[in-house]
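Shown next, in structure tokens, is the structure this report addresses.
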2 protein chains.
Amino acid sequence: MSISSRFSVGIHILSLIELNKNTVNTSESIAESVNTNAAVIRKIMGMLKKADLITVQPGVAGIQFARDYAEITLLDVYNAVHVVKDNELFSVHSNPNPNCIVGQTIQGSVEHYFHRAQRAMEDELKTMTIKDVIDDMRRDVQS
Amino acid sequence: MSISSRFSVGIHILSLIELNKNTVNTSESIAESVNTNAAVIRKIMGMLKKADLITVQPGVAGIQFARDYAEITLLDVYNAVHVVKDNELFSVHSNPNPNCIVGQTIQGSVEHYFHRAQRAMEDELKTMTIKDVIDDMRRDVQS
DNA sequence: AATACATGTAACTAATTAAATTACAAGTTG
DNA sequence: CAACTTGTAATTTAATTAGTTACATGTATT
């Protein structure tokens with residue numbers, strides 16, 4: 001299993017706003033950069049918009065940051081694109097046998113540890129910003 | 001997306017060894033407790049065995065811990081059952097356009113942050129042991 | 001107001017993956 | 001050797017994700 005690439009595509013879109021700011025980004029041009037279908041981009045753009053990370057206007061080409069991209073964390077993006085449901089990074093088998101000590105208690109017990117692990121990952125995402133990513137890209141680019 | 005329930009089933013199996021130690025656990029009896037097919041249990045048992053967490057003998061009923069269960073971390077189990085490939089918790093879209101700054105650099109840039117987040121989660125799993133889970137179960141059981 | 005081009009979104013298809021099932025080989029014990 | 005076990009491969013089923021198509025809606029320009 002793997003967390004959906006919607007997350008990396010979301011980061012891609014946001015990076016383009018800054019690194020391609022001399023031209024107007026349309027869902028079509030972004031799709032070319034990402035190498036996917038424009039409708040996929042529009043769907044993800046819609047999620048980023050709904051999360052108030054970007055502003056987009058129906059019918060008008062272009063995207064803008066809704067706030068300083070140094071203040072947009074990877075956790076913000078991760079939440080925006082709904083790649084992992086709240087506290088459901090790990091799944092627990094359903095309907096274990098309630099007549100067994102383990103079957104009766106495993107869901108409640110394991111849930112607690114799974115949530116902690118998920119939170120650790122999400123807390124780490126919170127320390128990273130789109131600016132960090134963009135800075136890396138500027139450094140890494142082969143011109 | 002969600003991480004496979006093989007992980008929680010693995011924890012279930014290990015917990016049964018201790019909490020059901022008065023009887024012999026067969027793949028069949030474990031399957032009843034987990035509420036799945038015995039072949040699924042055998043497959044996971046095979047993984048736990050390969051990771052040296054348990055000992056099982058072909059043809060002979062029963063499982064034993066290969067080491068003290070206070071020394072078995074949830075990370076050990078997680079690695080044993082291969083629910084997430086090394087550094088592939090997050091997937092990155094493939095074949096971004098190399099003629100674009102972002103397309104050219106995103107994989108390398110984002111990879112670094114994704115690995116950090118994954119490591120944070122795995123480091124947290126390392127702090128939790130099967131004993132912790134079993135203690136919770138003993139506390140929570142409704143007798 | 002008509003044309004061209006953009007976003008927004010729903011419905012459908014294809015591809016991938018996970019889980020369950022079936023079947024049987026091989027090991028062990030009495 | 002009979003009964004029962006683990007080990008494992010092959011198959012089916014179910015669920016999920018990504019990609020595609022189509023079209024409604026919004027905007028701007030002439």
Side-chain angles (χ1 to χ4, degrees), chain A residues 1-10 12-13 16-17 23-32 34-51 54-64 66 80-85 88-96, chain B residues 1-10 12-13 16-17 23-51 53-64 66 80-85 88-96:
Chain A
M1 90 85 222
S2 226
I3 290 174
S4 167
S5 63
R6 269 208 308 280
F7 188 18
S8 64
V9 173
H12 191 131
I13 294 172
L16 273 174
I17 300 178
T23 71
V24 176
N25 296 295
T26 65
S27 63
E28 200 62 56
S29 73
I30 297 173
E32 261 181 51
V34 171
N35 191 24
T36 185
N37 191 287
V40 170
I41 298 298
R42 275 180 237 131
K43 198 161 121 191
I44 297 175
M45 270 171 40
M47 290 174 165
L48 297 173
K49 179 184 187 176
K50 194 162 185 186
I54 61 173
T55 60
V56 191
Q57 252 194 309
V60 62
I63 326 176
Q64 301 78 37
V81 297
H82 299 114
V83 281
V84 174
K85 287 189 194 151
E88 290 188 24
L89 174 60
F90 299 91
S91 57
V92 179
H93 53 291
S94 46
N95 307 318
Chain B
M1 90 84 221
S2 226
I3 291 173
S4 167
S5 62
R6 270 207 307 282
F7 188 18
S8 64
V9 173
H12 192 131
I13 294 171
L16 273 175
I17 301 177
T23 71
V24 176
N25 296 295
T26 65
S27 63
E28 199 62 56
S29 73
I30 296 172
E32 260 181 53
S33 172
V34 171
N35 191 24
T36 184
N37 192 288
V40 170
I41 299 298
R42 275 180 235 132
K43 197 161 122 192
I44 298 175
M45 270 171 41
M47 291 175 165
L48 297 174
K49 179 184 186 177
K50 194 163 186 185
L53 302 184
I54 61 173
T55 60
V56 190
Q57 254 194 309
V60 53
I63 328 176
Q64 302 77 37
V81 297
H82 299 113
V83 281
V84 174
K85 288 189 193 150
E88 290 188 24
L89 173 60
F90 298 92
S91 58
V92 179
H93 52 292
S94 45
N95 307 315

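The analysis underlying the following values was restricted to heavy atoms, covering all of them including side chains, and did not include hydrogens, waters or symmetry mates.
Here the nucleotide nearest the side chain of Thr26(B), chosen from dA6(C), dT6(D), dG8(C), is dT6(D).
Rounding to whole angstrom units, CD of residue Glu32(A) and P of dG19(D) are separated by 16 Å. As rounded to whole Å, 14 Å separates atom C1' of dT6(D) from atom CG of Leu48(B). Here dT7(C) presents its P atom at 8 Å from CD1 of Ile63(A), a figure rounded to the nearest Å. dT9(C) atom P lies 11 Å from atom CE of Met45(A), rounded to whole Å. In this structure, Ile13(B) atom CD1 and dT6(D) atom C1' are separated by 13 Å, rounded to whole Å. Spacing between atom CD of Glu28(B) and atom P of dT6(D) amounts to 9 Å, rounded to whole angstrom units. Between the P atom of dG8(C) and the CD1 atom of Ile41(A) lies a distance of 13 Å, rounded to the nearest Å. At whole-Å resolution of the value, CG in Asn95(B) and P in dG19(D) are 10 Å apart.
The CD1 atom of Ile30(B) sits 5.0 Å away from atom CG of Asn25(B), with the distance rounded to the nearest 0.5 Å. Once rounded to the nearest 0.5 Å, the distance linking OG1 of Thr26(B) with CZ of Arg42(B) reads 9.0 Å. The distance from atom NE2 of His12(B) to atom CG of Asn35(B), rounded to the nearest 0.5 Å, is 9.5 Å. Atom CD1 of Ile3(B) and atom OG of Ser91(A) lie 8.0 Å apart (nearest 0.5 Å).
Partners of Gln64(B) under the side chain to side chain contact (heavy atoms under 4.5 Å, CB included) rule, at least two apart in sequence or in another chain, are Thr55(B).
With Leu48(B) as reference, Val81(B) is the one residue of Ile17(B), Val56(B), Val81(B) to meet the side chain to side chain contact (heavy atoms under 4.5 Å, CB included) rule.
In this structure, Lys50(B) reaches neither bases nor backbone, as no heavy-atom distance under 4.0 Å exists between it and the strands shown.
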#### Entry: Nucleic acid footprint by protein, nucleotides 18-30 of chain C - heavy-atom cut-off 4.0 Å, B for base, S for sugar-phosphate alone
SSBBBB---BS--

